[in-house]
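In this chain, residues are counted from 1 in sequence order.
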Amino acid sequence: MDVLVALSEYILIAAIISLVLWVLQVIALWKIFTKAGQSGWKSIIPVYNIFIMFKISWSTMWFWISLIAFVLASALLSFATVAICVVLGGLLMLFYTIVMLIMLFKFVRSFNWGVGMFILTIIVPVIMLFVLAFGKAEYIGPDPIS
């Protein structure tokens, strides 16, 4: 019984932390989206906000490609007992991760940030989104180093 109580407390704490981080992300993205000429409310909708990030920084075509790769990878990885499914799913998930990292790099570049800020955004994303949102960074358009 004590294990169930401890587990439920852990789940509650994790849910509260997740909710707080989501709210902070929405606040930061709201401001970032308005800097980039998009409506702030688009930051509230979970997958749509990533679509807008692609739109701001790169190309929505890559959003659709990465979404299809993610869905296929998830489907293949659900067949964990079939080796080829695990390998293909893993490769698709690797592809998805690489595309998302490229998008994040292009996203910070579209606000004239460099590689150092990109690395910091990977390490502490919520903090760096707030720096981007409420700092002096200005939207300059899609990555000029395309």
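Summarising the geometry of Leu29 relative to Ser43, their closest heavy-atom pair is CB-CB, 3.5 Å, with the distance given to 0.1 Å. In this structure, Leu77 and Gly90 approach most closely via the heavy-atom pair CD2-N, 3.9 Å. Minimum interatomic distance between Ser110 and Gly141 (heavy atoms only, all atoms of both residues): CB-O, 2.9 Å. Smallest separation of non-hydrogen atoms from Phe107 and Ile56: CE1-CG2, 4.2 Å. Residues Ala73 and Leu92 approach most closely at CB-CB, 3.6 Å, considering heavy atoms. Closest approach of Val108 to Gly114, counting heavy atoms only: CG2-O, 4.4 Å.
Taking the side chain as every heavy atom from C-beta outward, Met61 and Phe54 never approach each other to under 4.5 Å. Taking 4.5 Å as the limit, every side-chain heavy atom of Phe130 sits out of range of all side-chain heavy atoms of Val124.
The side-chain hydrogen bond (donor to acceptor under 3.5 Å, both in side chains) analysis of residues 16-41, with sequence neighbours excluded, yields the pairs Gln38-Lys42.
Listed by chain and residue number, Phe79, Ile84, Cys85 satisfy the side chain to side chain contact (heavy atoms under 4.5 Å, CB included) test with Val82 (two or more places apart in sequence, or in another chain). For Val47, the side chain to side chain contact (heavy atoms under 4.5 Å, CB included) partners are Phe63, not counting sequence neighbours.
Val71 and Val87 fall into different hydrophobic clusters, where Ile, Leu, Val, Met, Phe, Trp and Tyr side chains are chained together by heavy-atom contacts under 4.5 Å.
In this pair, Phe95 and Trp62 present their aromatic rings tilted. The plane angle is within the 30 to 60° band.
Applying the 6.0 Å contact sphere to CD1 of Ile127 captures no more than 12 heavy atoms from other residues, nucleotides or ligands.
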